[in-house]
Amino acid sequence: MAYAAFRSIGAYIPPKIMTNADFEKIIDTSDEWITKRTGIKERRISEENEASSDLGAKAAQVAIDRAEINKEDIDLVICATVTPDYLCMPSTACLIASKLGLPPVQAFDVSAACTGFVYATSIAKAFIESGMKKNVLIIGAETYSSILDYTDRGTCFIFGDGAGAAIVSASDNKDEAIIDVNCSSDGNHEDLIKTAGGGSKHPCSQEVLDNKLACIKMKGNETFKLAVRTLTSDVQIMMEKHNITPDDVTHFIPHQANLRIITAVGKALGFSEDKTVITIDKYGNTSAASIPMAMNYAYEQGRIKAGDTVLFDAFGGGLTWGSALFPFSPKK
Ligand code: UT7
């Protein structure tokens, strides 16, 4: 049986910074309030001519280089995004494959909002373990600035742009294997985080434009409570299933939605601050890109090393949630 090994991590951080002070100029808010309620100090914004595939391709190139893999050997590309270049087609994964210069390859997008990268990890694992694919490029790429209503003071300051990527490859060494990925959803909470317009339910119309229905709307406070509860129980289930404790995990990488959520979940689960990767202050919430961007940050800081046990924990619109447990297994 083939095992799925998490070989590399990479990211692309757009250089343009939008600070809390910039938001003070456009909505009724303050740096003090945003910092206290979310932990966010600044977030990155893509250039006007940059779409998710541009960010994703740059992150993917880093992941490919670090995995020391030939592009011709990549046999599946999965892009997790809810801000695709185009609403329906082509998929952002197809565009990324083309921008990277890959030969014809199976490529598709995954729509699971902030849990997207964990969903992509589960799909990569399944394809490899079934023997269907050998080297899977997974990407989380988002340009939330394209779906934000910059007059919505309850939501617009939270999100940012960016991309992260990884190579997951077949290995015959069980010690390198992704241990488990557990994903789930509950569509009953569809209204908590939603872009209501522009799809088949409310096709693009003057009404959709006038009411900014193609922009994200979030019921922040209700989402907050469910996020804390779900992110906590998600990891509890994973740890109980594998009979592990926080001592067995080297790096806890939660979705970066709000520092208060991260702190509450980390405390409930018993993860010390030095085990928890935090980037929300720098990048804000980058949805499907948040976990790989955070992992890449810790990797570039020299914190994540070969053999370290990593635990992802994500939650987002859908609602969706998921966790992944694996040893980081870069090619020696
Ligand atoms: O990534 C996917 C999952 N997403 C999440 O997990 C997001 C979870 N939610 C959150 O992070 C928080 O709910 C927010 C940061 C979005 C909001 O924080 P909150 O503490 O839940 O604020 P709230 O909506 O309960 O509003 C509290 C007060 C209100 O004023 P009153 O009614 O108490 O006088 C708001 O009008 O804060 C006010 N407020 C603001 N004040 C300054 C709302 N937005 C702002 C703002 N600046 N930008």
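Starting from 1, each residue takes its place in the sequence as its number.
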Stepwise side-chain contact (heavy atoms from CB on, under 4.5 Å) check, Q61 with R66: CA-CA 9 Å; Q61 187 62 61; R66 288 183 180 158; over 6 Å; no

Donor-acceptor pair between [X] and [Y] side chains, under 3.5 angstrom:
{"X": "K282", "Y": "Q256", "answer": "no"}
{"X": "D234", "Y": "T230", "answer": "no"}
{"X": "T155", "Y": "K217", "answer": "no"}
{"X": "E142", "Y": "T286", "answer": "no"}
{"X": "N135", "Y": "S169", "answer": "yes"}
{"X": "Q106", "Y": "K133", "answer": "yes"}
{"X": "N173", "Y": "S171", "answer": "no"}
{"X": "T38", "Y": "N258", "answer": "no"}

Chi angles and distances behind the side-chain contact (heavy atoms from CB on, under 4.5 Å) call for I178, V168: CA-CA 9 Å; I178 295 175; V168 181; 3.9 Å; yes

If we ignore hydrogens and angles and just use 3.5 Å, is the side chain of [X] paired with the main-chain N or O of [Y] as donor and acceptor?
{"X": "T143", "Y": "S145", "value": "no"}
{"X": "D152", "Y": "G154", "value": "yes"}
{"X": "N211", "Y": "E207", "value": "yes"}
{"X": "T250", "Y": "D308", "value": "no"}
{"X": "K275", "Y": "P246", "value": "yes"}
{"X": "T92", "Y": "D85", "value": "yes"}
{"X": "D313", "Y": "S323", "value": "no"}
{"X": "H189", "Y": "G317", "value": "no"}

Residue pair D54 / K99: nearest heavy atoms and the distance that separates them: OD1-NZ, 3.0 Å

Which atom of S185 lies closest to which atom of Y119, heavy atoms considered: CB-OH, 3.7 Å

Centroid-centroid distance, F252 to F312, less than 6.0 Å: no

Within 6.0 angstrom of K134 NZ, more than 12 heavy atoms from elsewhere: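 No, the 6.0 Å shell around NZ holds no more than 12 heavy atoms from other groups.
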
To the nearest 0.5 Å, what is the distance between [atom1] ([X]) and [atom2] ([Y])?
{"X": "D109", "Y": "M89", "atom1": "CG", "atom2": "CE", "answer": "12.0 Å"}
{"X": "I64", "Y": "K71", "atom1": "CD1", "atom2": "NZ", "answer": "5.5 Å"}
{"X": "D161", "Y": "M293", "atom1": "CG", "atom2": "CE", "answer": "8.5 Å"}

Candidate pair D22 and I26, rule side-chain contact (heavy atoms from CB on, under 4.5 Å), full reasoning: CA-CA 7 Å; D22 294 326; I26 56 172; over 6 Å; no

Validation row: [X], [Y] side chains within 4.5 angstrom (heavy atoms):
{"X": "T320", "Y": "C183", "answer": "no"}
{"X": "I253", "Y": "I304", "answer": "yes"}
{"X": "S98", "Y": "L95", "answer": "no"}
{"X": "R43", "Y": "Y283", "answer": "no"}
{"X": "L137", "Y": "L76", "answer": "no"}
{"X": "R303", "Y": "H251", "answer": "yes"}
{"X": "F23", "Y": "C156", "answer": "yes"}
{"X": "I27", "Y": "T151", "answer": "no"}

Qualifying residue, where the test is side-chain contact (heavy atoms from CB on, under 4.5 Å) with M218 and the options are I158, L192, N285: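 Considering I158, L192, N285, a side-chain contact (heavy atoms from CB on, under 4.5 Å) with M218 is found only for I158.
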
Chi angles and distances behind the salt bridge (charged side-chain N to carboxylate O under 4.0 Å, His left out) call for D191, K194: CA-CA 6 Å; D191 287 331; K194 195 170 197 170; 2.7 Å; yes

SB check D149 K212 (cutoff 4.0 Å): yes

Sidechain N-carboxylate O distance under 4.0 Å for R7, E68: no

[Y] and [X] aromatic ring geometry - parallel, tilted or perpendicular at 30°/60° bounds:
{"X": "Y144", "Y": "F159", "result": "parallel"}
{"X": "F315", "Y": "W321", "result": "parallel"}
{"X": "F6", "Y": "F326", "result": "parallel"}

Criterion side-chain contact (heavy atoms from CB on, under 4.5 Å) on V249 and I244, from CA distance to verdict: CA-CA 8 Å; V249 175; I244 59 168; 4.1 Å; yes

Salt bridge (charged side-chain N to carboxylate O under 4.0 Å, His left out) between E32 and K36, worked out: CA-CA 6 Å; E32 190 195 354; K36 200 166 144 211; 5.9 Å; no

Residue pair K58, E50: steps toward the salt bridge (charged side-chain N to carboxylate O under 4.0 Å, His left out) verdict: CA-CA 11 Å; K58 287 177 183 163; E50 264 183 329; 3.3 Å; yes

Salt bridge (Lys or Arg N to Asp or Glu O under 4.0 Å) partners of residues 241-256, not counting sequence neighbours, each pair once: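 The answer is D180-K241.
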
side-chain contact (heavy atoms from CB on, under 4.5 Å) partners of A141, counting only residues at least two apart: S52, C79, I139, A163

